[in-house]
Amino acid sequence: YIPPESGAVVVMNVENGEIPVFVSLPSYDPNSFTERLSYKNWNRLNSHPRKPLLNRVVSGLYSPGSTFKMIVLAAALEAGVISSKTKIECKKGEFEFGNTIFHCWNKFGHGHLNCIQAIEQSCDIFFYQIALLTGIEKIHQMAKKFGLGEISSLNFSAEKKGIIPNRKWKNLVKGTSWTPGETVISGIGQGFVLTTPLQLVIMTSRIANGIFRVSPQLTKGNLKLKKYTELNVNKNVIEILKKGMIAVTNGSKGTARKHNLKKYGIAGKTGTVQVKRITKDQREKGIIENIDRPWKERDHSLFVGYAPIKKPKYAISVIIEHGGSGSKMAAPIARDILEFILKKDFE
């Protein structure tokens, strides 16, 4: 067991954008700043390895990992390169492209999967291939619709924009051309892709809402849906994303099937993000278990979701730094928080 020492949780109302939960850990006592802060205390806060002064919700940049797969799927479906009936084979958990072999998290492979099953089981091979078919430009455009790579309506001074890469970005920032291999790795939300926990909850809120580009607000208000611009994503595409997310927590092979809410139901997506690349030699010798690695080399644990399933009200994003598996660490935290909020609302 790895305690969730560093991370972020943010919850957003999918109808009006209100944010009832906004947590960055570790935190600090703001009262210590009301009077003159000693050099010792300032140095302790500023040099702490867990960075308590960093507001992770808006300033923490993380690879979204598999939580980005909904965006890739939406882009592929909208582009017409696949349909809901398309099946792709994950054979032996490997995808050979050029002179590189890209791996699935399941080294035995998933067999033939349709898009809902691919979300449910989080098959990397499926998303490597549909990302290539779709192209980075269409993935980029779809991500922007869902609020990724954008400063939010909260507009904090420290808020980070993140990175949703495309050809123009690569040429401008790196001075080199985009390569197809980079599209492959972007298909599973890694590589250059970086998002904030706030952006991930906005993305999930817009999936749950399905019609409008709902935006966050920290104050209680009476914002009506008509004040938001339309999401402009085909409703059938949204339904497929939702079915995939429902299968994650309800399907027999769902990556978060142990963490559903019986009364309300949760739809979600797990993510486990490598922070250190696994070499071919390490893979052949056997990957060291997450808990046996140094803390800074452990995977990040992610979960995004919404509840209730039938009439969504809240979306959530949870990121536990170096927490390991998204299904084991972030998902149960998300479930417990959503259960607490829904009980307050409905019971």
Side-chain angles (χ1 to χ4, degrees), residues 8 54-82 95 97-100 102 124 126-207 213 215-216 229 231-233 237 241 269 271 273-277 300 302 304 317 319:
L54 175 68
N55 183 340
R56 287 166 167 79
V57 174
V58 296
S59 303
L61 289 174
Y62 307 90
S63 296
S66 293
T67 65
F68 191 68
K69 288 174 179 175
M70 278 88 71
I71 298 298
V72 179
L73 179 57
L77 290 165
E78 284 267 272
V81 298
I82 63 165
F95 171 57
F97 182 70
N99 59 359
T100 304
F102 294 90
D124 296 327
F126 186 98
F127 289 94
Y128 291 146
Q129 295 192 52
I130 69 167
L132 267 179
L133 291 169
T134 308
I136 196 62
E137 297 303 326
K138 287 186 171 68
I139 294 170
H140 174 91
Q141 290 162 16
M142 186 60 69
K144 294 284 183 172
K145 285 185 180 183
F146 284 90
L148 303 181
E150 304 276 6
I151 296 294
S152 77
S153 53
L154 296 182
N155 203 20
F156 281 96
S157 59
E159 187 173 343
K160 294 287 195 294
K161 189 175 180 180
I163 299 170
I164 301 297
N166 61 358
R167 288 184 178 85
K168 183 180 177 182
W169 174 88
K170 176 89 183 292
N171 195 39
L172 195 67
V173 175
K174 303 290 184 181
T176 54
S177 299
W178 186 264
T179 67
E182 288 163 344
T183 302
V184 173
I185 204 69
S186 296
I188 63 164
Q190 299 207 168
F192 295 120
V193 185
L194 290 174
T195 56
T196 65
L198 179 65
Q199 288 174 1
L200 291 179
V201 84
I202 293 168
M203 173 193 80
T204 311
S205 295
R206 292 180 182 182
I207 292 171
R213 297 189 189 194
S215 299
T229 57
L231 187 56
N232 197 25
V233 176
V237 170
L241 299 187
K269 183 72 196 75
V273 176
Q274 287 179 13
V275 296
K276 186 177 181 183
R277 187 175 177 272
H300 290 329
L302 284 78
V304 299
S317 76
I319 293 181

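Position 1 is the first residue of the sequence, and the numbers go up from there.
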Would you say [X] has more than 12 foreign heavy atoms packed within less than 6.0 Å of its [atom1]?
| X | atom1 | result |
| --- | --- | --- |
| Lys168 | NZ | no |
| Lys161 | NZ | no |
| Lys145 | NZ | yes |

Between [X] (side chain) and [Y] (backbone), is there a donor-acceptor pair under 3.5 Å?
| X | Y | result |
| --- | --- | --- |
| Glu182 | Gly191 | no |
| Lys170 | Pro165 | no |
| Thr195 | Leu148 | no |
| Glu150 | Lys144 | no |
| Thr183 | Ala131 | no |

Rounded to the nearest 0.5 Å, how far apart are [atom1] of [X] and [atom2] of [Y]?
| X | Y | atom1 | atom2 | result |
| --- | --- | --- | --- | --- |
| Lys69 | Phe126 | NZ | CZ | 10.5 Å |
| Arg213 | Thr229 | CZ | OG1 | 5.0 Å |
| Phe192 | Leu194 | CZ | CG | 10.0 Å |
| Ile202 | Ser153 | CD1 | OG | 6.5 Å |
| Phe146 | Gln199 | CZ | CD | 14.0 Å |
| Tyr62 | Ser317 | OH | OG | 10.0 Å |

If we only count heavy atoms from C-beta on, is the [X] to [Y] side-chain gap below 4.5 Å?
| X | Y | value |
| --- | --- | --- |
| Phe156 | Ile151 | no |
| Phe68 | Ile139 | yes |
| Leu200 | Leu302 | yes |
| Ile71 | Met203 | yes |
| Gln190 | Ser66 | no |
| Leu73 | Ile82 | yes |
| Met70 | Thr204 | no |
| Ile130 | Val72 | yes |

>> Quick check: closest heavy atoms across Ser59 and Lys160, and the distance to 0.1 Å?
In response: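 Shortest heavy-atom contact: O-CG, 3.6 Å.
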> Can you name the nearest heavy-atom pair linking Ser63 to Gly189, along with the distance?
Replying inline: CB-O, 3.5 Å
> Where do Asn166 and Trp169 land on the side chain to side chain contact (heavy atoms under 4.5 Å, CB included) test, with the steps shown first?
Replying inline: CA-CA 5 Å; Asn166 61 358; Trp169 174 88; 3.3 Å; yes
>> Tell me which one of Thr196, Asn55, Leu198, Val57 satisfies side chain to side chain contact (heavy atoms under 4.5 Å, CB included) with Glu159.
In response: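 Among Thr196, Asn55, Leu198, Val57, the one that satisfies the side chain to side chain contact (heavy atoms under 4.5 Å, CB included) with Glu159 is Leu198.
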>> Can you tell me how the ring of Phe97 sits relative to the ring of Phe102, calling it parallel under 30°, perpendicular over 60° and tilted otherwise?
In response: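 Correct class here is tilted.
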>> I'd like to know whether Thr176 forms a side chain to side chain contact (heavy atoms under 4.5 Å, CB included) with Asn171, so could you lay out the CA-CA distance, the side-chain angles of the two residues, the decisive distance to 0.1 Å, and finally the verdict.
In response: CA-CA 5 Å; Thr176 54; Asn171 195 39; over 6 Å; no
